[in-house]
Structure formats: C-alpha cells, structure tokens
Protein chains: 4
Amino acid sequence: MSPSTTRRAELLAVAADVFAEQGYSATTVRQIADAAGMLAGSLYYHFDSKESMLDEILSGFLDELWAGYDAVLEADLAPRATIEALVTESFREIDRHRAAVAIYQKESRQLSAHPRFAYLAAAQEKFEKTWLGTLERGVAVHAFRADLDARLTYRFVRDTVWVAASWYRPGGQHSPEEIARQYLSMVLDGIAVQT
Amino acid sequence: MSPSTTRRAELLAVAADVFAEQGYSATTVRQIADAAGMLAGSLYYHFDSKESMLDEILSGFLDELWAGYDAVLEADLAPRATIEALVTESFREIDRHRAAVAIYQKESRQLSAHPRFAYLAAAQEKFEKTWLGTLERGVAVHAFRADLDARLTYRFVRDTVWVAASWYRPGGQHSPEEIARQYLSMVLDGIAVQT
Amino acid sequence: MSPSTTRRAELLAVAADVFAEQGYSATTVRQIADAAGMLAGSLYYHFDSKESMLDEILSGFLDELWAGYDAVLEADLAPRATIEALVTESFREIDRHRAAVAIYQKESRQLSAHPRFAYLAAAQEKFEKTWLGTLERGVAVHAFRADLDARLTYRFVRDTVWVAASWYRPGGQHSPEEIARQYLSMVLDGIAVQT
Amino acid sequence: MSPSTTRRAELLAVAADVFAEQGYSATTVRQIADAAGMLAGSLYYHFDSKESMLDEILSGFLDELWAGYDAVLEADLAPRATIEALVTESFREIDRHRAAVAIYQKESRQLSAHPRFAYLAAAQEKFEKTWLGTLERGVAVHAFRADLDARLTYRFVRDTVWVAASWYRPGGQHSPEEIARQYLSMVLDGIAVQT
DNA sequence: TATGAATGAGAGTTCATTCAT
DNA sequence: GATGAATGAACTCTCATTCAT
C-alpha cells in the first residue's frame, strides 16, 4: 500500500467522522482540515473536491458492504438463516464503517439525484431486491408471516437495522454480533410476550 | 386568526417541505422564497431568520405531538395498550406533519447542541422517559419480554416508528392507522411464523 | 430601458476598462467591484460570473461591430471604397468600444477554445471572409496589387487597424475618422515617397 | 556550457511556449511543469519564481534583439535601408523567439509598471527613439512621406511588424526574409495599385 | 407586503511557493 | 535534481440578511 493511499484513507476517515457528526452540507472543508491537523487548501493535494471525498467514503463503504452481502448470498441458506446472516453482516459493517453508514442514511436520498451519485440509487434497488426477495421466499416456505405487506416488512427490517448507525458507538458494551442477535430476536419474534 | 398568521403558516409549510426535501443546511432562503413565489428578502418581513423558521416548524410539531401523547398517557391504559396508542398517535403525527418529522429526524441531533434548540434535547429526554417507562412497566407485568435489553428495545421501537417519515407519503394506499396496525403487529409479534 | 439594464451596462463598462487594463485572468472580481464602488459579492446580483461579464462585453461589442460592417457591405461599394469604409467603421468602433476591442485583441485566441466563446472563432471566420473577399475582388479589378500574398495582406490590414485599440485613447487629438484617413493613406499608398 | 545552463534553457523554452499560448497570468506553474515532464515544485530548483522565468525569457529576447538592431544601426545605412534592415531583423527575431515576442506583445504594457520589469519601459523608449528617429531622418531626406503624423507612422510600422508574432509559425511556407520583403513592400509602397 | 440592490462573512478552491527526503 | 506533501494567501462565488422604496 503506497504511502499516499494510507494518507488518503486516514483523511477520509477524518472526513467521514466530521460529515457524520455535522452533516455533509453543514461541514466545511476547513473543519475537516482542522480535524486532520492541516490547512484547508492542503486537502486538495489529496482530493479533487469536498464532493469527491464524500464519493470515496460512500462508494468505499458500499463496495465492502456488497462484498459481505455477496458472501452471505453465495452460501445459499434458507430464507430465515439468510436474513439472520444479512442482519449480522449489516451490524458488522456498521461497526466498521459507522460514519459512512450514518452519512449514507442521512444523505443518500438527496445525493442520488446527483448524476455522480447515481450508484446510490442503484444500490438502493439492489438492496431492495436482495432483502425483499429473501423475505418473499421466506413467506413462501412459511418461515415468515404471510399476513404482512411485504414492502412494509422490508422497510421495517431495513430501517430498523441501519438506523442503529445513528446511535451505535464502536467499542461499546455490546459487540455487533450481540446487538444483531437481540435485534433479530425482536424482529423475528416481537417484543411482546407470546401467549 | 389574523391574515398574517395564515400567511406565516403557509410559508412555514412551504419551508418545511423544502427543508425536508433538501436538508436544512443545504436549503437556501432563496429556494424557500422561490417555492413560495416571492423574493428571498421578502421572507424577512415574516420571519426573523432562516433559523427561526426551523424553530417554529419544529416547536409547532412538538407541541402538537405532546398534546397527542399526553392525551394517550392521561387515559392511563395498560402498558401494551399504551404502546399501541402511542404508536398509532405517532403515525397520525407523521401523517399530519410529515415534513416536520423528517426534519426532526435528520437534524435534531446536531441542533440540540444549539442553545436555541435545547428543547429538542428536553423532548428527547421526555420521549425516552415516556416510552422506556412504559416498556419497563410492560416488562414488569409480563406484557413484554424480560430477556431483552430495555434501552435497545426502546431504540428499536422509537426508530422503527419515526424512520417511517422518510418514506411515508400522505394520501398513499395505507392510512396511518393501518400502517400503525401492521407496524405494531411486527413489533409486538415479530415477522417470523411463531412455532 | 429598465433600471437594471442601465446598471448592468454601467458595471460592464467598468469591468471592460479593468479587463482591458490588466488582462482578464489578472483581473480580480474585487478590482472590478472596487472600481464600481461596491463589494465583490454584490456583482453577483447582476452577473452570474466573471466569465459572463466578459461574455457580455465581447458579444455586445461584436453585435454592434457587425451591425456597422453590414451597413457598409450593404452599400455594395467598389472594393477600394469598401475597404476604406470598413477601416473607418473599425476606427469608429474602436472609439466607442475601446476596452472591448482591446480585450478582444488580447484574449480572443485563447477564449475561442472555450465552447462558451465559440462565437469568437465564428466571428474570426466571418471577418476573414469579409476582408479577404473584398481584397481579392480588389485585386481582380486592379484596385489592389496582385503581387502580394492575399492572406498576408489580409493579416496586415486587419492587425494594423485593430492593434490601434492598444494605444488609442478616446478624446485624443485625432478623431477616429482622421486616424482612419491617415491609416488608409499608409496602407493604400505606403509610407515611402513614391518615385 | 554547464549542464544546468542547458536544462534552464530547455525549461525556459517550454515555459515561453506555455506563456505565449495561455498568457502569463492564466498559466500555472503546474502547466509548465507538466509540459516539462516534472512536478511543479521541481521547477523551483532551477528558478526562483514564475516571475523570474518570465523575466529571463523577456530579457534574453531583448538582449538578442538589441544585438541585432545595434548591428544594423552600426552599419549606418540610409534611412530607408535602415528601416528595411530593422524590419528584416525583426522578422528574424520573431522566427527565433516567437514565443518570447508573443509574450512581449501581450504582457509588456502591464509588466512595465512593475519595478522588476522597468527595463521593458526602457526598451520601449529606446525602440521609439530608434524607429521614430530613423523615420524622421527619412522624411528629412525625402525618403518617407512628410504628410503623415510621425508618431502615427511609427506605431503603424512597429505594430505591423510585431503583431505578426501572434500568427507566425516557424517552419511555415514563407521564410522570415520573405515575409519581411512582402511586409516592407506593403508598408513602403502600399497595397493599392499606384496610378 | 413585497422588491431590488446591496452587504459582509465565509464557503470551496486554486496556486505560487517551500522543504524534508 | 526531483518528489510528495504541505502552506498561506488570495480567488471566485454563495448566501443569510438588511433596507430604502
């Protein structure tokens, strides 16, 4: 790994934290530079623009996310096990890319209108195909309830998982796997005592 | 109601839509003015600042929300019925104040650092007390599962409901009450077929 | 003429003077604003960008120039009289648009690469067609010498006239018509005593 | 000649081309470095500043120009022959220093205000003395027309020659001497058929 | 009530220049 | 001799805000 690659990665991590904390628009390049211990102009030695930093952060995250998801999907598990694996993988990604996930959550809708970020809309679609498809297959094999609106269920599961990035702090008392386990328990079996 | 009050309300509705669509920082006063069919400077006849528009939007929404919640809580229902009523009331608020809720979701964390928006942090606390308290009482009376981390459950229920504002469109095929019913069904009983 | 049109014209005149004096790239928006007695940002109420000011200056000048030239050409004079009329008209344009002409002289070559300023290349071509055509017709009717390279002659006449914008100062001791007369005398008959 | 001297000359030639092509202000040090196949910072091993490159280019050109002019003047020819020799020498300089001449033409007026480039103003003066003096002596001996404004004639001859640098390309179909011959023919005898 | 024009602070970005390696 | 990384000043441009009309 060349030194410049390392430096870029460091700076992107800093930028991602600031973007996640303050929002993309509300973040100034000077704030990122301050956090990185350099001057605003110096960032432009490494990056073309503020937007390109955002781009690298998001696309880098999505690349890793799909790698994880693809590994899960290739295992070709039963629907319920697939959902469990996807949720667990998602929490692992939140653990590793918390800032990027938070940014994605907050900004992707607006961004996807921008041609440069069209891949966010594509990701959204692939996302839906993956999760919704698994849920529907689960309904077909009687693993999941048939009396629920499928798209509503999809949104419920999806949001429920990803919103966690807004409060999750890596290194907290629960590991990603433990949080995934409890979330799955709630999502699959509900929070009510079953009578 | 004075005419100026009406005009303010109209303008606030316009502003809320733009804020919700683009994010508060990314929204320019000119965009709001364009949407309202006037010039940017003219907005300052009605409002002190961009920030004060945001303030009115959010505090107006929270006032109505608490009115609804207080009515629910005064009914002094059993924990599970209380949760059901709170969730239903929440979806009604999303239906009536979609834009405000979306803004609240996206911006409240950063804004609450600002003294002017300290009430957002207070609301957050009161929120937590209300929901977490109800969940804990529910656990005590064996209405809700005791094997889950209470704060995790709280976040799960809270997020699950409010994130809906990001995709909900008033006048869609499901009424707020119908969405609430399905969400409650998922949250309480899970999406898995119970064996 | 609406007041905004008047103001724009004033500001463009100021900008043209500064551009002509310092060169387009070397001119800062602040210098223009200073010369206009306002702040740099205020210029953006009237113009989209520094480049758009340049654009208006140049295209405005060219529009008037072609109007003048077309009037000359429509008179359908003999070649020598046409050249005389074109030269005279050119000096009148230099008198009225000194700054714009100076800018055109200095910047048009680089600018014409820019798509926005493609009309400069087009003007250059129409220019050449007009002058070179007239010169060639003049050669055909034995008004102009046949022993000279036509393109060289064209450049000679063209440059000779337009470079004057770099030293010409309106309101000097010679009127544009007087300068034109002397220039024509040199260009047509030479500076040597004819033996 | 030390290797560093050679390298400097190469780099100056590159810089001159870029300056001539884009204009001094519009040229970035990085563009010069790119054209020279090195990084921007590396140029500073060879030169103090962008300005010093310009300085060397212009003063180098002027030194050679004066050497040529002085040789002409020392020959002590008749006025008309002197003018012919100066024009021919000028086209030879354009041939050898095309870029420098183009830069001189475009930038010298603004630069001469700068103390560092005061020699440009001095050159301008010496220039005028040389040419205008020769023209006046020519008028005195009835070689040149007496009915023309002398300064106007001076500017006419001067501009006529130097502007050629803006379109001249070394290695074209006409040699500098041939171009000089035709220019002289036009300047001295005019483009009209003498009756 | 609204407009047109301006302000002034600050944003993103560029760029000549420096310097340790 | 050249590189990679950084500096710092200045630049173009944006935008919330003001105010006379």
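In what follows, chains are A, B, ... by sequence order, proteins preceding strands, each numbered from 1. Predicted model only: the values in this text are computed from it and were never measured. What's counted below: heavy atoms across the whole structure, side chains too, no hydrogens, waters or symmetry copies.
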Checklist line | Whole angstrom value for the distance that separates P of dA6(E) from CG of Leu39(B) | finding: 15 Å

Check: When you measure from the side chain of Lys106(A) to the backbone N and O of Gly23(B), does any donor-acceptor pair fall under 3.5 Å?
Finding: no

Next item on the list: Please report, rounded to the nearest Å, how far the P atom of dG12(E) is from the CG atom of Asp55(A).
Entry: 17 Å

Next item on the list: Could you check if a side-chain atom of Ser166(B) sits within less than 4.5 angstrom of a side-chain atom of Arg109(A), using non-hydrogen atoms only?
Entry: yes

Item checked: Glu56(D) side chain reached by Phe47(D) side chain, heavy atoms, under 4.5 Å -> yes

Item checked: Length of the line joining Met38(A):CE and dA6(F):P, which is rounded to integer Å -> 4 Å

Next item on the list: Give, for atom OH of Tyr119(D) and atom CG of Leu111(D), the distance between the pair rounded to the nearest 0.5 Å.
Entry: 8.0 Å

Next item on the list: For Asp34(B) and dA2(E), give me the distance from atom CG to atom P, rounded to whole Å.
Entry: 15 Å

Note to self: I need the CG-C1' distance between Leu43(A) and dG4(F), as an integer number of Å.
What the structure shows: 15 Å

Check: Just wondering, do Tyr104(B) and Ile57(B) contact through their side chains at under 4.5 Å, heavy atoms?
Finding: no

Margin query: Within the 4.0 Å limit for protein heavy atoms, which parts of nucleotides 14-21 of chain E are touched? Write it as a string from 5' to 3', B for base, S for sugar-phosphate only, - for none.
Written below: BSSBB---

Check: Does Asp55(C) have any salt bridge (charged side-chain N to carboxylate O under 4.0 Å, His left out) partners at least two apart in sequence or in another chain, and if so, which?
Finding: Arg116(C)

Note to self: Checking contacts here: which listed nucleotide (dA6(E), dT1(E), dA6(F)) is nearest the side-chain heavy atoms of His46(B)?
What the structure shows: dT1(E)

Margin query: I want to check something: taking the side chain as every heavy atom from C-beta on, are Leu11(A) and Met38(A) in contact at a cut-off of under 4.5 Å?
Written below: yes

Checklist line | Short side-chain N/O contact from Tyr45(A) to OP1 or OP2 of dA5(F), under 4.0 Å | finding: yes

Item checked: Sub-4.5 Å side-chain heavy-atom contact between Arg96(B) and Phe61(B) -> no

Notebook entry, point to check: Short question: side chain of Gln31(A), backbone of Val18(A) - any donor-acceptor pair under 3.5 Å?
Noted result: no

Next item on the list: Can you tell me the distance, in whole Å, between the CZ atom of Phe47(D) and the P atom of dA2(F)?
Entry: 11 Å

Notebook entry, point to check: So what does the secondary structure string of DNA chain E come out as, 5' to 3', with Watson-Crick or wobble pairs under 3.5 angstrom, [ ] for crossing and | for pairs with another strand?
Noted result: .||||||||||||||||||||

